[in-house]
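Here the structure comes first, spelled out in structure tokens, and everything after it is commentary.
Whatever order the structure lists them in is the order used to number ligands and atoms, beginning at 1. For this chain, numbers begin at 1 and follow the sequence in order.
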Amino acid sequence: MPKGDFWNPEMELLDRGEIEALQMKRLREVLERCERSPFYREWFREAGFYPHKVCSLADLRSLPPMDKDTLRGGDPRRFLTVPLEDVVRLHSSSGTTGQATVVFHTARDIEAWTELVARCMYMTGVRRSDVFQNMMGYGLFTGGLGFHYAAERIGCLVIPAGSGNSRRQIQLMRDFGTTVIHVIPSYALYLLDVFRELGLDPKRDTALRIALIGAEPHTESLRLRLEESYGFKAYNSYGLSEMSGPGVAFECPFQEGMHVWEDSFILEVLDPDSLEPVPVGEEGELVFTSLHREGMPLLRYRTRDLAYVYPDTCRCGRSHRRISRIKGRTDDMFIVKGVNIFPMQVERVLLGILGVGSNYQIVLDTVGSRDEMRVLVEVSGDIWHGEVRELNRLRRRITEQLRREILVTPLVELVEPGTLPAGEGKAVRVVDKREHVREE
Ligand code: DLL
């Protein structure tokens, strides 16, 4: 039961020594469990890794880290450490089938995840008297259901609004006195325009007091702009579907970095090239080991996300270490409207379409306050010099096939062969001019 300012004081108030002892105990259990999975048995054998010999967290480092490609390479059921009958749900990373990674959950996994997200929400001040409007997509994406269950666990009145449908979102907020929203930051920014169009001022015309924002990179200036315009406090929320989803790291009321729940995850910050730990305070790739997942534990999972660990302890009294905002990624994935997209998905679609030439570029921009994704596509010479009707048909076909693949509708512009930059070194496939992801 929650006490005072803490949802789970027993876990939240562990000191460093206690956290590390608990991690070691849980790690041993996880490693033992992993030996039931065909994938891990093979992974351990290939690496010459003997789980029962692990006596310290440092010993875990003799196991090579894994990444999205490890997960994608074959049947995801081979990671299971329980019979399939014990699995009650699957989720996958936002994005689409080609790139999605599937994660299986048992009932106990869902329970542990719910508790973690409830802990995050409660930490920011969400209480049972709140009206919580969940403006994130429900479904395979973990943002919707992850928060839904947690908010119900706290006892909020939950409005499962889902994403999109801006006018209705605003109507719901006003009709039911929404006090807390869960929203993608770029969408929260866009919604301000809709408030304006309706002649409304969110500060005056809503009861909003807290926003939980995450699932995509954003800057401190974006947060401040949202806080100022809406009159709420906005808390950064980090997670990834491979580590269950949201609830991995979250800001406390001091809003200085996100606490990683180290009773549930082992955090490593590694140099992405050497895979050696970087000194505290230095930026590196976040690598997580899940400690509470029973169905499909993941060991040393490379997130590709870059951040650093704060050297000092937080004034809030929690010793769980804090990570900075996500500074970028080591791969070329980008996120538009909360959806993870790889340039290679775009390329695959383009190259499968007759009439598409040899070069393309993805340009991301902020228009008004919304993300805009443009795909510039060189077409073949005969199409370019042919009929306008054919060009329009090709543009529609590309748009539709891209939408199906990446779940976002881009603006497709067809350009003359030879007009896009090419030839010098690596192709620049993505030009990101968006305000909310640029470093301030
Ligand atoms: O985005 C889980 C989530 C849902 C987190 C709702 C927060 C709120 P995926 O779809 O698997 O899961 O995408 C994970 O999104 O590796 C980061 O690159 C990025 N990301 C998530 N949260 C943040 C954040 C969910 N607060 C990928 N800041 C991660 C920056 C974020 N990037």
Under-4.0 Å salt bridge between Arg403 and Glu400 = yes
Near Thr142 (heavy-atom distance under 4.0 Å), the atoms of ligand 1 are 2 (C)
Would you mind running through ligand 1 and noting each atom that sits below 4.0 Å from a heavy atom of Ile335?
-> 15 (O), 18 (O), 19 (C)
Arg329 heavy atoms, cut-off 4.0 Å: which ligand 1 atoms fall inside?
-> 16 (O), 18 (O)
Closest heavy-atom pair, Gln23 versus Leu57, reported as atoms and distance to 0.1 Å, is OE1-CD1, 3.4 Å
Atoms of ligand 1 less than 4.0 Å from Ile326 heavy atoms?
-> 28 (N), 30 (C), 32 (N)
Run through Arg36, Arg33, Glu32 and flag the one making a side chain to side chain donor-acceptor pair (under 3.5 Å) with Thr81.
-> Arg33
Under 4.0 Å from one or more heavy atoms of Asn340, ligand 1 contributes atoms 9 (P), 10 (O), 13 (O)
Hey, what's the ring geometry for Phe132 with Phe147, parallel, tilted or perpendicular (30° and 60° as the breaks)?
-> parallel
Looking only at non-hydrogen atoms, which of Gly245, Ser237, Gly143 approaches atom 8 (C) of ligand 1 most closely?
-> Ser237
Can you figure out which of Ser93, Pro217, Ser241 has its heavy atom closest to atom 30 (C) of ligand 1?
-> Pro217
Point-to-point distance, once rounded to the nearest 0.5 Å, from CE of Met66 to OH of Tyr40 = 3.5 Å
One finds that the ligand 1 atoms under 4.0 Å from a non-hydrogen atom of Leu240 are 11 (O), 12 (O), 14 (C)
Please determine, by modelled atom types, if Asp86 and Thr106 share a side-chain donor-acceptor pair under 3.5 angstrom.
-> no
Please round to the nearest 0.5 Å and tell me the distance separating atom CZ of Arg127 and atom CG of Asp130.
-> 8.5 Å
Any heavy atom of Leu212 under 4.0 Å from ligand 1? The part involved is neither
